[in-house]
> 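I am attaching a structure below and will ask some questions about it afterwards.
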Amino acid sequence: MRAIVLLCLLEVAFGQDAQYDWGGPADVDPNVANACLTDQGSCGCCLMQQQMHRMTTFFNTSLKALEKELMETQSVLNNVRASRSAFSVALNNADRITCFGPFHDDRLIAYKNVFINLGNNYNADTGIFTAPRSGVYSLALTVYSDAGSPGNSLAACANLQVNGQVMAGPRDKNMQDQEDSATIVVAVQLMAGDRVSVNLPIGCFLCDDSNHYNTFTGFLLYATD
């Protein structure tokens, strides 16, 4: 008796929506329709099986779509992780103050003490950072110099440049200060392959030791390609 009641309830529940599937109208299986005409007892079971088939198809399709989106998201995330870039370096790591310059010509500064070089895009031999991908980068430069004694000429100056073009540059030349420092921080749009470096102008000199007064730092804020 309970089985008959259950079949009737299923027939009412599924029979009302038999003409629709998850995406809209659906054709009713003629075999099921014929079964309902010839065998009322099995009609509810047939309708239930048909509805279960529709549900299985719907969920399988949804699962495949979700799996595709997950793979695409993982690919984007892996690409972002692979292109992470950050570096921070200091002029040297000497036990006592050691100066770089002055020279009779402009010189690129090769910062030798590397704090971090995520992505290996900074070259400690040349002092050049090469942008791995197009995006907005944060760049910071701190310069420090020591004239050695009062009355000597101080020339703390350097130029932050991209592809050889000066972007910004702190400069302090005088005979009043024995030592001085300056810092600049900029956000710039770089293209993949752009070369960022620090240039020491003629007559300037920077001094550093293990306290790391002279630093050069950069990192990718967000990519634009």
Side-chain angles (χ1 to χ4, degrees), residues 84-223:
R84 287 183 300 180
S85 182
F87 73 96
S88 185
V89 294
L91 187 59
N92 61 50
N93 194 36
D95 294 332
R96 59 185 181 82
I97 285 289
T98 302
C99 297
F100 180 77
F103 302 107
H104 296 295
D105 55 358
D106 291 355
R107 299 283 182 93
L108 288 185
I109 303 175
Y111 293 81
K112 297 299 185 182
N113 189 79
V114 178
F115 299 116
I116 185 174
N117 190 14
L118 185 61
N120 295 315
N121 301 121
Y122 172 78
N123 189 325
D125 295 326
T126 63
I128 296 174
F129 166 75
T130 303
R133 65 183 303 177
S134 300
V136 176
Y137 290 76
S138 174
L139 301 173
L141 174 65
T142 295
V143 299
Y144 166 84
S145 190
D146 188 343
S149 60
N152 290 346
S153 295
L154 179 69
C157 40
N159 292 326
L160 177 65
Q161 56 187 28
V162 176
N163 298 327
Q165 301 297 314
V166 176
M167 299 290 295
R171 181 178 299 269
D172 189 359
K173 288 187 175 183
N174 64 71
M175 297 182 64
Q176 288 74 44
D177 300 325
Q178 178 180 332
E179 56 183 329
D180 210 341
S181 65
T183 298
I184 57 171
V185 179
V186 295
V188 296
Q189 172 78 52
L190 298 179
M191 302 299 294
D194 281 350
R195 295 153 64 89
V196 182
S197 59
V198 180
N199 178 66
L200 185 74
I202 297 174
C204 298
F205 61 96
L206 303 178
C207 303
D208 210 348
D209 59 16
S210 58
N211 290 305
H212 308 307
Y213 301 116
N214 288 276
T215 59
F216 178 30
T217 299
F219 55 89
L220 175 64
L221 288 172
Y222 61 88

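What you see is a predicted model; the values in this text were computed from it and never measured.
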> Any donor-acceptor pair under 3.5 Å linking the side chain of Thr98 with the backbone of Arg96?
yes

> Do Val89 and Thr215 come within less than 4.5 Å of each other through their side chains, counting heavy atoms only?
no

> Run the numbers on Ile97 and Tyr213 for side chain to side chain contact (heavy atoms under 4.5 Å, CB included), then give the verdict.
CA-CA 10 Å; Ile97 285 289; Tyr213 301 116; 4.0 Å; yes

> Does the side chain of Ile109 come within less than 4.5 Å of Leu91's, by heavy atoms?
yes

> Between Asp106 and Pro201, which heavy-atom pair has the shortest distance, and what is it?
OD1-CA, 3.4 Å

> Set out, in order, the CA-CA distance, both residues' side-chain angles and the distance that settles side chain to side chain contact (heavy atoms under 4.5 Å, CB included) for Leu139 and Val196, then state yes or no.
CA-CA 9 Å; Leu139 301 173; Val196 182; 3.8 Å; yes

> Given 3.5 Å as the limit, does a donor-acceptor pair link the side chain of Asn123 with the main chain of Ile128, or not?
no

> Has the side chain of Asn92 got a donor or acceptor atom that lies under 3.5 Å from a matching backbone atom of Ala94?
yes

> If every non-hydrogen atom of Ala192 is compared with every non-hydrogen atom of Pro132, which pair is closest and at what distance?
CB-O, 4.0 Å

> Less than 4.5 Å apart, side chain to side chain, heavy atoms only: is that true for Phe129 and Arg195?
no

> Kindly compute the distance separating OG (Ser85) from CG (Leu221), expressed to the nearest 0.5 Å.
11.0 Å

> Please test Leu220 against Arg133 for side chain to side chain contact (heavy atoms under 4.5 Å, CB included), starting from the C-alpha separation and ending with a verdict.
CA-CA 9 Å; Leu220 175 64; Arg133 65 183 303 177; 4.1 Å; yes

> For Asp105, what residues pass the salt bridge (Lys or Arg N to Asp or Glu O under 4.0 Å) criterion, not counting sequence neighbours?
Arg107

> Between Ser138 and Phe219 (side chain of the first, backbone of the second, donor and acceptor by atom type, cut-off under 3.5 Å), is there such a pair?
no

> Taking only residues two or more places apart in sequence, or in another chain, which ones meet Asn113 in a side chain to side chain contact (heavy atoms under 4.5 Å, CB included)?
Ala90, Asn93, Phe115, His212

> Would you say Leu108 and Val198 make side-chain contact, with heavy atoms under 4.5 Å?
no

> How about Phe216 and Phe87: are their ring centroids closer than 6.0 Å?
yes

> I need the full list of disulfide bond (SG atoms under 2.5 Å apart) pairs touching residues 92-142, with sequence neighbours left out, sorted by first then second residue.
Cys99-Cys207

> Could you give me the CA-CA distance, side-chain angles and deciding distance for Gln189 and Val136, then say whether side chain to side chain contact (heavy atoms under 4.5 Å, CB included) is met?
CA-CA 5 Å; Gln189 172 78 52; Val136 176; 3.8 Å; yes

> Rounded to the nearest 0.5 Å, how far does CG of Leu200 lie from SG of Cys157?
6.5 Å

> If you compare all heavy atoms of Phe205 against all heavy atoms of Gly101, which two are closest, and at what distance to 0.1 Å?
CB-C, 3.4 Å

> Considering only heavy atoms from C-beta outward, does the side chain of Leu190 approach that of Val162 to under 4.5 Å?
yes

> Identify the two heavy atoms, one from Ala168 and one from Ile184, that lie closest to each other, and give their separation to 0.1 Å.
CB-CD1, 3.6 Å

> Identify the two heavy atoms, one from Leu206 and one from Ala158, that lie closest to each other, and give their separation to 0.1 Å.
CD1-CB, 4.5 Å

> Might you point out which heavy atoms bring Val185 and Thr183 nearest each other, and give the distance in Å?
CG2-CG2, 4.3 Å

> Starting at SG of Cys204, measure out to CZ of Phe100 and round the result to the nearest 0.5 Å.
11.5 Å

> Has Asn159 got a side-chain atom pairing as donor or acceptor with Gln161's backbone, closer than 3.5 angstrom?
no

> Can a donor-acceptor pair be found, under 3.5 Å and without considering hydrogens, that links the side chain of Asp208 to the backbone of Asn214?
yes

> Can you check whether Pro170 reaches Leu141 side chain to side chain, under 4.5 Å on heavy atoms?
yes

> Which value, rounded to the nearest 0.5 Å, describes the distance between Asp194 atom CG and Thr130 atom OG1?
9.0 Å

